[in-house]
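The structure under discussion appears below in the form of structure tokens.
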Amino acid sequence: MRYLVLFLFILVLAGCKSNPIIPAPVAAPHQQITHKPLIKVNPYYPKDLLSRGVEGWVLMEVEVSDQGKVISSKVVDASPELGFNQAALSAVNKWVYKPGSLAPGNKTKALIEFWISR
């Protein structure tokens with residue numbers, strides 16, 4: 001009987017859900033940023049990641065018109081790999097750069113960081 005109770009206790013413990021260990025994000029690549037926007041809209045912090053204490057960053061390539069408006073943007077790198085990408089894309093697409101400030105090709109990099117307490 002004692003072994004049956006012990007066995008059931010072990011099964012219950014094995015079935016308990018634990019919080020996953022979330023690795024710390026890789027250091028953000030600040031050296032890749034070439035231009036800063038005149039108007040910068042901050043991204044929303046995804047609630048599920050905030051509640052779990054996940055921090056990170058998204059590096060994006062941004063194409064800007066001659067008038068300074070963002071034409072397109074795409075994720076180049078991120079840490080963690082997924083999670084913050086959509087929030088970063090939504091924010092960067094609202095940014096405005098100084099008209100005519102970018103070199104031919106009108107592309108720059110943008111770094112969006114998600115930190116809870118910094």
Side-chain angles (χ1 to χ4, degrees):
M1 180 68 176
R2 186 171 29 168
Y3 293 110
L4 179 60
V5 171
L6 181 61
F7 177 73
L8 290 175
F9 181 71
I10 291 172
L11 283 178
V12 169
L13 286 179
C16 291
K17 184 178 179 181
S18 63
N19 290 332
I21 297 173
I22 301 165
V26 175
H30 291 279
Q31 73 280 4
Q32 295 187 27
I33 307 309
T34 54
H35 291 83
K36 292 187 178 185
L38 291 175
I39 299 173
K40 185 175 182 178
V41 175
N42 289 325
Y44 65 91
Y45 209 113
K47 289 181 182 180
D48 61 324
L49 298 176
L50 181 60
S51 67
R52 293 187 337 216
V54 178
E55 296 181 330
W57 52 266
V58 179
L59 179 65
M60 305 182 70
E61 183 177 82
V62 182
E63 184 177 4
V64 181
S65 72
D66 290 332
Q67 292 77 34
K69 297 193 181 210
V70 174
I71 298 171
S72 66
S73 58
K74 68 178 182 177
V75 174
V76 175
D77 196 7
S79 179
E81 193 172 312
L82 299 173
F84 294 112
N85 295 2
Q86 189 56 49
L89 284 165
S90 295
V92 167
N93 287 332
K94 297 172 187 165
W95 289 8
V96 177
Y97 289 83
K98 182 178 177 183
S101 65
L102 276 71
N106 294 338
K107 289 189 179 178
T108 186
K109 302 272 179 156
L111 180 65
I112 298 85
E113 297 178 291
F114 296 85
W115 306 121
I116 295 171
S117 58
R118 294 199 183 181

Looking only at heavy atoms, what is the nearest atom pair of Lys94 and Val41, with distance? CB-CG2, 3.7 Å
Could you give all pairs that pass the side-chain hydrogen bond (donor to acceptor under 3.5 Å, both in side chains) test and reach residues 61-71, with sequence neighbours left out? Glu63-Ser72, Ser65-Gln67, Asp66-Asn106
Over all heavy atoms of both residues, which pair between Pro43 and Ile112 is shortest? Give the atoms and the distance, please. CG-CG2, 3.5 Å
Is a side-chain N or O of Ser51 found less than 3.5 angstrom from the main chain of Asp48, in a donor-acceptor match? yes
By ring-ring contact (aromatic ring centres under 6.0 Å, His included), Tyr97 pairs with (sequence neighbours left out) none
May I ask whether Val54 and Leu50 are part of the same hydrophobic cluster, defined by side-chain heavy atoms of I, L, V, M, F, W, Y residues being less than 4.5 angstrom apart, directly or through others? yes
Are Leu89 and Val96 linked, directly or through other ILVMFWY residues, by side chains that come within less than 4.5 angstrom of each other? no
Looking only at heavy atoms, the pair that brings Lys109 and Leu59 closest together is CB-CD1, 4.2 Å
Yes or no on side-chain contact (heavy atoms from CB on, under 4.5 Å) for Gln86 and Tyr44, after CA distance, side-chain angles and deciding distance? CA-CA 10 Å; Gln86 189 56 49; Tyr44 65 91; 4.2 Å; yes
If you compare all heavy atoms of Val76 against all heavy atoms of Met60, which two are closest, and at what distance to 0.1 Å? CG2-C, 3.9 Å
Kindly give the heavy-atom pair with the smallest separation between Val92 and Val70, and that separation in Å. O-CG2, 3.4 Å
Roughly how far, to the nearest 0.5 Å, is the CG atom of Asn85 from the CG atom of Asp77? 9.5 Å
Transitively linked via ILVMFWY side-chain contacts under 4.5 Å: Val58 with Ile116? yes
With rounding to the nearest 0.5 angstrom, report the CH2 to OG1 distance, Trp95 to Thr108. 9.5 Å
Could you list the residues that satisfy ring-ring contact (aromatic ring centres under 6.0 Å, His included) with Tyr45, not counting sequence neighbours? Phe84, Phe114
Testing the basics here: between Pro80 and Gly56, what is the closest heavy-atom pair and its distance to 0.1 Å? CD-CA, 4.0 Å
